[in-house]
Structures are given as structure tokens and as C-alpha cells.
Amino acid sequence: MTRKEFIKKSAKLGMGFPFLSMLLQSCTKEDVVDPGFEVNFSGKVLIVGAGAAGLTAGYLLDRSGVDFQIIEASPVYGGRVKRSMDFADFPIDLGAEWIHEDPSVLARLISDPSINANIEIITYTPDTVYNWKDNRLKKQNWGGNFYSEFKFKDTTWYGFFERYIAPNSLDKIVYNSPVNEIDYAGSKVIVTSVNGDTFAADKVLVTVPLKILQEGSISFVPDIPSKKKDAINSIEMPDGLKVFIEFSERFYPDILFTGSLLSEISAGDKLFYDAAFRKDSDRNVLGLFTVGEKASVYTTLTSDDEIMAQVLNELDTIFDGKASQFYIKHIVQNWSKEPFVKGSYGIDFLNDQATTVADLTEPIDNKIFFAGEAFSLDNGATVPGAAESAYAAIETMLQ
Ligand SMILES: Cc1cc2nc3c(=O)[nH]c(=O)nc-3n(C[C@H](O)[C@H](O)[C@H](O)COP(=O)(O)OP(=O)(O)OC[C@H]3O[C@@H](n4cnc5c(N)ncnc54)[C@H](O)[C@@H]3O)c2cc1C
């Protein structure tokens, strides 16, 4: 299923959810899907990449008593789960933001009945929905019926990982170490970083973004099977961008689509939205989320200043100059320019998705395993999908 189909499906399912905020009181046994796998492995594991998939893998290995290290290219963990604490009076998700499915998925990701997780959730059903098409701004509040998802009330996806998943791995992460070679020819797998550091392990889990694999930034010795290479190259990972702007007045609706409302809702590839929606905030913060061709319009510009000028210009046209009039500050997160991500997420599978994901996730020589958002069949292109793919890979690895 592509992200587009997934969001369409979630939107339909979401129509039945209550309009009240929800509190996940605790992970009771009923909420929890026990990972339930036996551990028949006592060697060392290296995880390449400390995003949602890599951190979840570390969480599971720690709980399974398996020795591991995470080799991360950047100076921070989280990958496409990233947060700003100081832009507004509430934390802002610069990458993943929505919970595209029933929030009980959070309990499943923690999957530990001993953890008392109190996470307040917003039912994200916009009240005011506008559509800008053919130079006309139209109010289309019925559109809110097609858009029902969830968000964190006072935390973020990053905050979720920081609190519940990452602590098990913090002292195991080696930062600033982009891996450029994985040699699995011998009895041990040798992982080398661009700094020249080498790490040895019995098994390796690769969780880098698809684009990193597509560009061949990591050499495998021997080369990976052509079936896997073909699968990696058969998925598109287009451009992705988020922008947040603070204004002194609120002149915008909960959600503003540009173009055809229904196709935008199902595609979910460009929307302006009130980022403070149902948060405890005194600020007026507008978000722009865009992926795919619509994102490329911005991400291919030469600087964040140019991106911002284009966004303001667009909003001024729609809202009669109010954007420039009430502008205070902004933050641009250009995911296409992030050196260790280089885009949004895997969508638009060239071939049958089930076959592609099966080829992607098949381990090599029982030594090299793969996980990440593009490696999930049911929840691809999402944080839960990335985490669930790590569950699957670690279960297979430790059997
Ligand atoms: C704009 C945008 C909006 C999104 N919105 C949502 C949303 O609302 N809800 C949702 O659920 N999902 C959303 N997503 C998708 C979600 O963010 C991803 O699916 C998920 O975070 C991917 O996790 P991952 O672990 O697969 O990859 P990543 O988070 O990308 O982690 C991979 C890690 O590998 C590291 N790495 C890369 N190269 C190397 C190397 N050579 N050596 C070592 N480390 C390396 C990277 O630095 C990174 O830390 C969004 C994504 C984007 C870009």
C-alpha cells in the first residue's frame, strides 16, 4: 500500500473516532502486542542509523539482552523524527507529526506492560477547511469529515522516542560516523565509517533511508543480490519539506489545501495547517507540509530564505497581503537537503509492493538485515511502519 492509499484508508477509518482528546492511561496487557519472540542468539549486533527503526531495534535488543551498537551518521538521533523546542510555546515536529492510525499503536511500539505511558492525544479533525483553487479561496468545512487523524497534545514523535524508546540505546550510539562499507565476506561483519573507524559484529541491521542505499553511499562486500538492488531502486523517495511560520494574528483556517480538495486530502502532498490546533498555545503558528512534485518547487530553490520568500508570497496572494503584514519568524526544514536523508519517504512503488517489500526485507546470508519506513508493507512511509519493520527484522535476526 502506498502512503497515499494508507492515508486514504486511515481517513475513512478515522471518521468513527470520538472528537475528544484521549489519554493512553497505561499500557495494560490488553494494549500490548508482546514481541513474543525467542532469543536464540548471543553475538553482537550493529545497527546502522539511529532513526525510528534503528532506535526501536536498539530498544528490542536491549530488552533481549543482546550486545549492540548503533552507528549514526549525524550528530543526533531521530532521523526524520526531529523537533524544535524553542520556536513556539509548544514543541514542534519538524519531520513526522501526525499519528496516522489508532493511537493504540504507541502502546504497541512500547510493548512493555511495566511502562506507564501517559500520552495525551489530540483527535485531529479540522473544523475550518479552506481550498485555494483557480485564484479563489473557498470555505469547505465538509472536507474536515474526510480528514481524521491524531496528534500528540504536548509532546512530539521525537518526544515519544526520547522518553520511551531511545533511553535503552543512548550509551550505545556512535555519532558523526557515516557508514560507507559493510563487508560480510568473513565470519564477522566489518562495518567501516568515512572516518576510517571499523566495527565488528555477527549481524548488522541497516536502517538508512532508501535514498542513501539508492545512491550507493554504502558499499557492500560482496555486493548485495541484484533482486534486492532492483527492489531498492524501484521505489520513489521524492522531495519533502516542512515550514513553520509565526504570525501576530491568525488569519488562516485549520487547514488550507491548494488545488482540488479531495485529491489533495487523499494524496496528502501539500497542505497549510494550524500547527497549534488544539494545543495549549498562545501563539499563531502556521505549518506547511509538502512532499513530491509540489515540494520540489521549494526544495530545489537555492536557500531557505528563497523558500520562505516564495511561501510568504503565496500566502500573501491567498490572504490579501496578511502574511507579510503579520509575519514574526519562521523555520524551514528542507528534508531533501538533509545529507543523511535526502528526501521524504518511500512512495510510489514501481512494482507490486508486497513482492518489493519481501525482496527488501530478505536477510543476506543471515548476517545483513534491513528495516526502515520503506521496508514496511502495512504502514510504509510512517514512523509506526519504520518501528514495526524493526520489530520484524529483530525477531527474524534473533531466532
Ligand atoms: C516532511 C515529512 C513529514 C512526515 N510526516 C509524517 C507523519 O506525520 N507521521 C508519520 O508517521 N510519519 C511521517 N513522516 C515519515 C517518518 O518521518 C519516517 O517514515 C520515519 O521517521 C523514518 O524512520 P527510519 O528509521 O526508517 O529512517 P530515518 O528516520 O531517516 O533514520 C535513518 C537514520 O540513518 C542515518 N544514516 C543515513 N545514512 C547513514 C550512514 N551512511 N551511516 C550511518 N547512519 C546513516 C540518518 O542520519 C538517520 O538518523 C514524515 C516524513 C517527512 C520527511
Side-chain angles (χ1 to χ4, degrees), residues 3 6-7 10 46-58 69-82 93-101 105-106 109 124 149-152 156-158 160-161 165 173-182 191-195 197 199 204-213 215-219 237-243 268-271 273 287-292 295 299 333-336 338-347 370-376 379-390 393:
R3 183 184 173 91
F6 171 67
I7 290 173
S10 305
L46 286 175
I47 301 165
V48 184
L55 292 170
T56 303
Q69 253 184 317
I70 306 184
I71 317 298
E72 166 58 43
S74 76
V76 291
Y77 69 75
R80 282 166 276 178
V81 167
K82 185 176 177 183
D93 280 301
L94 298 171
E97 180 167 353
W98 282 265
I99 304 164
H100 290 306
E101 60 188 285
V105 71
L106 301 175
L109 297 186
Y124 189 79
E149 298 191 289
F150 299 91
K151 267 198 190 180
F152 296 97
T156 55
W157 268 118
Y158 184 95
F160 172 78
F161 276 81
I165 309 294
I173 306 177
V174 182
Y175 293 103
N176 300 304
S177 299
V179 166
N180 63 357
E181 188 181 272
I182 299 177
V191 170
T192 309
S193 76
V194 294
N195 314 326
D197 299 328
F199 307 85
V204 171
L205 177 69
V206 180
T207 71
V208 303
L210 208 54
K211 209 51 168 265
I212 302 298
L213 294 172
E215 291 185 351
S217 308
I218 301 177
S219 310
M237 180 169 159
D239 286 322
L241 174 86
K242 286 184 85 172
V243 177
D269 57 8
K270 178 173 172 183
L271 74 150
Y273 60 98
L288 165 62
F289 157 89
T290 177
V291 298
T299 56
Q333 175 63 50
N334 185 347
W335 284 103
S336 302
E338 283 291 333
F340 304 114
V341 176
K342 300 191 172 182
S344 56
Y345 33 72
I347 42 176
F370 293 84
E373 53 86 11
F375 296 72
S376 159
N379 281 337
T382 67
V383 174
E388 284 161 4
S389 76

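Every number for a ligand or one of its atoms is a count from 1 in the order of the listing.
Contacts with ligand 1 closer than 4.0 Å are made by heavy atoms of both the backbone and the side chain of W98. Of all the heavy atoms of A73, the ones lying under 4.0 Å from any atom of ligand 1 are found in both the backbone and the side chain. For W335, every heavy-atom contact with ligand 1 shorter than 4.0 Å involves the side chain, none the backbone. Counting heavy atoms closer than 4.0 Å to ligand 1, residue T382 contributes atoms from both its backbone and its side chain. Contact annotation: for Q333 versus ligand 1, there are no heavy atoms closer than 4.0 Å. Contact annotation for S193 and ligand 1: no heavy atom of the residue comes within less than 4.0 Å of the ligand. Heavy atoms of V291 found under 4.0 angstrom from ligand 1: none, in either backbone or side chain. Contacts between F289 and ligand 1, counted as non-hydrogen atom pairs separated by less than 4.0 Å, involve the side chain only. Contacts with ligand 1 closer than 4.0 Å are made by backbone heavy atoms (N, CA, C, O) of T207 only, the side chain lying farther away.
The N/O atoms of V76, backbone and side chain alike, include none that comes under 3.5 Å of an N/O atom in ligand 1. The shortest N or O to N or O distance between E72 and ligand 1 is below 3.5 Å. Remark: ligand 1 and V179 share an N or O pair separated by less than 3.5 Å (distance only, no angle test). Between K242 and ligand 1, not a single N/O pair is under 3.5 Å apart. Residue-to-ligand polar distances place V383 within reach of ligand 1: an N/O pair is separated by less than 3.5 Å.
Near I71, the atoms of ligand 1 lying under 4.0 angstrom from a non-hydrogen atom of the residue are 43 (C), 44 (N). Atoms of ligand 1 lying under 4.0 Å from at least one heavy atom of I212, given by number and element, are 38 (N). Heavy-atom proximity to G49, at under 4.0 Å, picks out these atoms of ligand 1: 33 (C), 34 (O), 35 (C), 44 (N). The distance from ligand 1 to the heavy atoms of G372 drops below 4.0 Å at these ligand atoms: 26 (O). In the vicinity of G79, heavy-atom distances shorter than 4.0 Å reach the ligand 1 atoms 29 (O), 48 (C), 49 (O). The P384 neighbourhood of ligand 1 comprises atoms 11 (O), with distances under 4.0 Å to a heavy atom of that residue. Distances below 4.0 Å separate heavy atoms of V48 from the following atoms of ligand 1: 42 (N), 43 (C). Each of the following atoms of ligand 1 lies closer than 4.0 Å to a heavy atom of Y345: 4 (C), 14 (N), 15 (C), 50 (C), 51 (C), 52 (C).
Across the listed options S376, A96, P209, A96 owns the non-hydrogen atom lying nearest to atom 4 (C) of ligand 1. If you check each of S336, S344, G240 against atom 53 (C) of ligand 1, the one with the closest non-hydrogen atom is S344. For atom 38 (N) of ligand 1, the choice among L241, V208, L210 with the nearest heavy atom turns out to be V208.
Between V383 and A52, the shortest heavy-atom contact is CG1-CB, 4.0 Å. For the residue pair I70 and A50, the shortest heavy atom distance occurs at CG2-CB, 3.8 Å. The shortest heavy-atom contact between P384 and V105 is CB-CG2, 3.8 Å.
Residues satisfying the ring pair (Phe, Tyr, Trp, His ring centres under 6.0 Å) test with F199, not counting sequence neighbours, are none.
Between F152 and Y158, the ring centre distance reaches or exceeds 6.0 Å. Between W98 and F150, a ring centre-to-centre spacing not shorter than 6.0 Å is recorded.
A heavy-atom distance below 4.5 Å is found between the side chains of I347 and P238. Taking 4.5 Å as the limit, some side-chain heavy atom of I99 sits within range of a side-chain heavy atom of W157. A 4.5 Å side-chain heavy-atom check between F340 and P178 finds at least one atom pair inside the cut-off. When side chains are defined from C-beta on, V243 does not count as touching F289, because their heavy atoms never get closer than 4.5 Å.
Atom CD in Q69 sits 10.5 Å away from atom CD1 in I173 (nearest 0.5 Å). Remark: L241 CG to K270 NZ distance equals 9.5 Å, nearest 0.5 Å.
Distances shorter than 4.0 angstrom do not occur between any heavy atom of S217 and any atom of ligand 1. Residue contact annotation: G78 has a non-hydrogen atom under 4.0 Å from ligand 1.
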Problem - side chain to side chain contact (heavy atoms under 4.5 Å, CB included) evaluation trace for Y273 with E97 - result: CA-CA 12 Å; Y273 60 98; E97 180 167 353; 2.6 Å; yes
Exercise for the section: Begin with the C-alpha distance, continue with both residues' side-chain angles, and end with the deciding distance and a verdict on side chain to side chain contact (heavy atoms under 4.5 Å, CB included) for V208 and I218. Expected result: CA-CA 10 Å; V208 303; I218 301 177; 4.0 Å; yes
Practice task
Show the numbers, then the answer: is there a side chain to side chain contact (heavy atoms under 4.5 Å, CB included) between W335 and D239?
Solution key: CA-CA 7 Å; W335 284 103; D239 286 322; over 6 Å; no
Practice task
Give the C-alpha distance, both sets of side-chain angles, the deciding distance and a yes or no for salt bridge (charged side-chain N to carboxylate O under 4.0 Å, His left out) between E338 and R80.
Solution key: CA-CA 9 Å; E338 283 291 333; R80 282 166 276 178; over 6 Å; no
